[in-house]
Amino acid sequence: MGNTNYNSAESDPGEAKPESLDFIREIVADDLANGRHASTVTRFPPEPNGYLHIGHAKSICLNFGIAQENKGGICHLRFDDTNPAKEDIEYVDSIKEDVQWLGFDWGKNIFFASDYFEKLYAFAVELIETGKAFVCELTLEEIAEHRGTPTRPGTNSPFRDRSPEENLALFQRMRDGEFADGTRVLRARIDMASPNLHMRDPVLYRIRKVPHHRTGSQWCLYPMYDFTHCLSDSIEGITHSLCTLEFEVHRPLYDWVLDNVTIDRRPRQIEFARLSLTYTVLSKRRLLTLVEEGRVSGWDDPRMPTLSGLRRRGYTPSGIRAFCKTIGMTKFNSLTDVALLEHSIRHDLNDTTPRRLAVLRPLKVVITNFDAGAVEELEAPNHPKNPEAGSRTVPFTREIYVERDDFMEDPPSKFHRLGPGREVRLRFAYFITCNEVIRNAAGEVTELHCTYDPETRGGNAPDGRKVKGTIHWVSAAHAHEAEVRLYDRLFTVEDPNREEDGKTYLDYLNPNSLEVLRDARLEPGLANAAPGERFQFERSGYFCADTVDSQPGKPVFNRTVTLRDAWAKKQKKG
RNA sequence: UGCCGAAUAGUGUAACGGUAGCACGAGUGACUCUGACUCACUUUGUCUAGGUUCGAAUCCUAGUUCGGCAACCA
């Protein structure tokens, strides 16, 4: 340690600028500093009616992140399961898996709003007793009519002034199952003239004779979100209840409920902007439609922005976490460029992923001056910057495959690859020169005849001669044939949610979002890739062995993301 | 025409009355056995109009634009 401090003026960590906090963490820090709370309790509260997506990752990283950053902080996983008609155990299982996979641990703190049904019922009884809730027999349509409009106040329900005794008896009978679905609701008694629609005597309970995935047929009466959420937060001792912007107008109701029942712990709701990403959709409803209509293969289709889809595609938890850090936390409804996500995953994968040679669209090359029966084992490092990643050996023979894109018959001068008479380096192998182009009857190039320079073994010329390009290759006899799936963005437009000219997001689906290559040739070791294992196919991109369709000894690869490609960019510009 | 909220480079964000920074993208160059990575440089911004102030992205006023809100969904 002693003599390493050669520039204390700049390297003193004590003078380092603290990272700026987002507005939520600032509030949290204040509450801690002024003793309002001894520590933090946050919660991630999904409804188990769909799979988690990248937008949820933002919320998970926020809530669990705050717990990690503050001494004694904890974060609950709470399922907001108050609508049995839409919810399913399949979703609670997938949500638990996804949160864990993302790298977070709720420990013992896993809860279900349905566990609070009895307590919630008691709170409702308290509201009735104090004259702040009533049983209403208006129909759904009538309630809507009585609600008024944003500019016109609502009108009182004729059932609004029933006595607490009558309401209590009715509410009990609702619980006992005496009434049919939709015939009665419990409503808060607030103000039908409130400028906030949510305060116009909102529905607190409705009758649903539907079995619940956890409570079975124990209840036929289910509490609404606005009643459930704030009280669940209070019951659990949540200090900061963080949700997205659309709940901002619900906050007065959140506070009203807490103000009007007897509680001992008071959570505070703070809203932030949900994530929107270019070239995709992030609404459960739309994602569900994609799944149900078979536009994708399922919730975990690698083109889906779901966590299970991203996982199958090869995204890493750390890459997604880094992305969430990058996008920040504000109250501004923004549309984040998916390039930010792609950068995060490339950056993560670059450091950690072993390199391999894989030819996606093979073109045969015969090295005419190489011995027909000979096999040379060449050493190839697994990572260009990290020697500790070790190396493996790849076989080199007279017949190899190279990428079709790495050959042009009439290349421009900027093309640093194979062309008639041109010399290139085969990565980790030899310099070769293209002498002859073989065509089939249709005139298509089927094969190249090249010669190699034996002096360049390993990739360097003793005479100091340079080549412009290095291309990847694989020995024809040893190559492992595999299916490789190339994924592109699911939609063709930046904002598919923008439904102009009568079009919907479904009209913007990218017909080329999936390209299946059945003829890829991989270096032999790749045959043993384990499902979920990730590699960089050099000069091409990051790939992950599919966890669903791979067979032992026969992996199928998904492209996670391409490498940045300056050449492709240059070409596009013309 | 109601209520709530938000506006900072192309995109996402920071600056908390005192020099408008950062990341991504884009561009140029260096390096290179991946046209990758890395590095250097460049480009582009405070919604508008007033006001307060020595000084405003920040405070005030008015406007503009955008988002959300009228499920017995969450």
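A note on names: the letters A, B, ... follow the listed sequences, proteins ahead of strands, and every chain is numbered from 1. Remember, it's a predicted structure, so these values are computed and weren't measured experimentally.
Base orientation of A6(B): anti, since the glycosidic angle falls outside 90° of 0.
Using cut-offs of 30° and 60° on the angle between ring planes, the pair F537(A) and F543(A) is parallel.
Looking at heavy-atom distances under 4.0 Å, I143(A) makes contact with a base.
Between G18(B) and A23(B), the two C1' atoms lie 26 Å apart (nearest whole Å). One P atom belongs to A7(B), the other to U46(B), and the distance between them is 16 Å to the nearest Å. Across the C1' atoms, A71(B) and A6(B) are found 26 Å apart, a figure rounded to whole Å.
Residue M199(A) contributes atom CE, which lies 16 Å from atom C1' of G2(B) at whole-angstrom precision. For L204(A) and C73(B), the CG to C1' distance is 15 Å, given to the nearest whole Å. What separates CZ of F323(A) from P of G25(B) is a distance of 13 Å, to the nearest Å.
Under a cutoff of 6.0 Å and an axis angle of 45°, R465(A) and F431(A) do not form a cation-pi pair.
Side-chain atoms of H472(A) stay outside donor-acceptor range of the base of A36(B), with no qualifying N/O pair under 3.5 Å. Between the side chain of R539(A) and the base of G35(B), no donor-acceptor pair under 3.5 Å is found. Side-chain N/O atoms of E342(A) and base N/O atoms of C24(B) include no donor-acceptor pair closer than 3.5 Å.
Of the charged side-chain nitrogens involved, none lies within less than 4.0 Å of a carboxylate oxygen, so that E403(A) and R417(A) do not count as a salt-bridged pair.
Look at W567(A) and the base of G35(B); the rings stack, centres closer than 5.5 Å and planes less than 30° apart.
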